[in-house]
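Here the structure is laid out as structure tokens; the discussion comes afterwards.
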Amino acid sequence: QVQLVESGGGLVQTGGSLRLSCAASGLTFSRSAMGWFRQAPGKEREFVAAIRWSGITYYADSVKDRFTTSRDNAKNTVYLQMNGLKPEDTAVYFCAAGFRGGLIQASEAYEYWGQGTQVTVSS
């Protein structure tokens with residue numbers, strides 16, 4: 001049974017930083033692509049970042065140069081370091097696994113999802 005548990009969300013002021021973690025179990029983590037998505041109230045879930053097992057990373061244009069995703073295969077954990085946070089980054093952030101191929105930025109390409117962690121950026 002695959003489990004993904006996010007942590008690290010919270011309330012931060014504009015310009016602040018947070019680091020999200022996603023601990024994975026029940027899958028061969030070291031060979032798994034991992035994705036980060038977010039969903040703001042009244043909006044559709046959108047791609048934020050992804051990292052392949054090889055370490056290759058992908059970012060949405062809106063977070064490029066501010067967010068960094070990384071992985072620690074020894075801890076079965078993927079991270080999302082978020083710097084320079086803006087009010088428009090406010091959302092529930094989800095990690096995803098079980099990439100089925102295709103476009104790594106597509107939410108439908110992932111089979112497993114965490115419960116999400118709230119990030120709120122105050123202006």
Side-chain angles (χ1 to χ4, degrees):
Q1 181 182 359
V2 176
Q3 284 193 314
L4 303 174
V5 180
E6 300 101 333
S7 60
L11 174 64
V12 65
Q13 292 186 332
T14 296
S17 298
L18 285 173
R19 188 176 82 154
L20 305 184
S21 300
C22 173
S25 61
L27 73 165
T28 307
F29 181 82
S30 62
R31 304 296 292 181
S32 299
M34 301 293 293
W36 287 99
F37 292 78
R38 66 187 181 187
Q39 188 166 18
K43 295 188 176 181
E44 293 194 352
R45 190 169 297 188
E46 66 174 2
F47 171 76
V48 176
I51 183 167
R52 293 192 183 271
W53 66 268
S54 61
I56 295 174
T57 56
Y58 306 80
Y59 297 96
D61 287 344
S62 59
V63 306
K64 203 172 292 184
D65 300 327
R66 297 188 298 124
F67 291 11
T68 302
T69 189
S70 61
R71 62 193 300 154
D72 185 336
N73 289 338
K75 295 182 178 180
N76 283 8
T77 300
V78 63
Y79 302 98
L80 184 67
Q81 177 66 45
M82 306 186 294
N83 299 327
L85 283 161
K86 306 174 182 180
E88 51 263 44
D89 294 317
T90 295
V92 177
Y93 283 70
F94 300 88
C95 72
F99 180 60
R100 294 181 278 224
L103 195 63
I104 202 168
Q105 295 91 340
S107 61
E108 56 266 26
Y110 296 84
E111 185 171 358
Y112 307 108
W113 294 83
Q115 82 288 351
T117 186
Q118 177 71 48
V119 171
T120 303
V121 185
S122 63
S123 56

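Numbering of residues begins at 1 and proceeds along the displayed sequence.
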Nearest 0.5 Å, what's the [atom1]-[atom2] distance between [X] and [Y]?
{"X": "Q39", "Y": "E46", "atom1": "CD", "atom2": "CD", "result": "9.5 Å"}
{"X": "Q81", "Y": "S21", "atom1": "CD", "atom2": "OG", "result": "9.5 Å"}
{"X": "N73", "Y": "R31", "atom1": "CG", "atom2": "CZ", "result": "10.0 Å"}
{"X": "T90", "Y": "L85", "atom1": "OG1", "atom2": "CG", "result": "8.5 Å"}
{"X": "D72", "Y": "S30", "atom1": "CG", "atom2": "OG", "result": "11.5 Å"}

Please check if [X] and [Y] belong to a single hydrophobic cluster, counting links between Ile, Leu, Val, Met, Phe, Trp and Tyr side chain heavy atoms closer than 4.5 Å.
{"X": "W36", "Y": "I104", "answer": "no"}
{"X": "F29", "Y": "V2", "answer": "yes"}
{"X": "V92", "Y": "Y112", "answer": "no"}
{"X": "V119", "Y": "F94", "answer": "no"}
{"X": "V12", "Y": "Y93", "answer": "yes"}

Where is the tightest heavy-atom contact between [X] and [Y], given as atom of each residue plus distance?
{"X": "R66", "Y": "D89", "answer": "NH1-OD2, 2.7 Å"}
{"X": "F37", "Y": "Q105", "answer": "CE2-O, 3.5 Å"}
{"X": "R71", "Y": "I51", "answer": "NH1-O, 3.5 Å"}
{"X": "L4", "Y": "A24", "answer": "CD2-CB, 3.6 Å"}
{"X": "Q118", "Y": "A91", "answer": "NE2-O, 3.5 Å"}
{"X": "A50", "Y": "Y110", "answer": "CB-OH, 3.8 Å"}

Can you pull the ring-ring contact (aromatic ring centres under 6.0 Å, His included) pairs that have at least one residue in residues 50-85, sequence neighbours excluded?
none
R38 and S62, any side-chain heavy atoms less than 4.5 Å apart:
yes
How about P87 and T14: do any of their side-chain heavy atoms sit closer than 4.5 Å?
yes
Other members of the hydrophobic cluster containing L103, with the 4.5 Å side-chain heavy-atom rule, please.
none
Neighbour count >12 (heavy atoms, 6.0 Å) for atom CD, Q13
no
Only residue of L80, L20, T69 satisfying side chain to side chain contact (heavy atoms under 4.5 Å, CB included) with V48 is L80
Sort out for me which residue in R52, E111, M34 forms a side chain to side chain contact (heavy atoms under 4.5 Å, CB included) with F99.
R52
If only atom types and distance count, is the side chain of Q115 paired as donor or acceptor with the main-chain N or O of V5 below 3.5 Å?
no
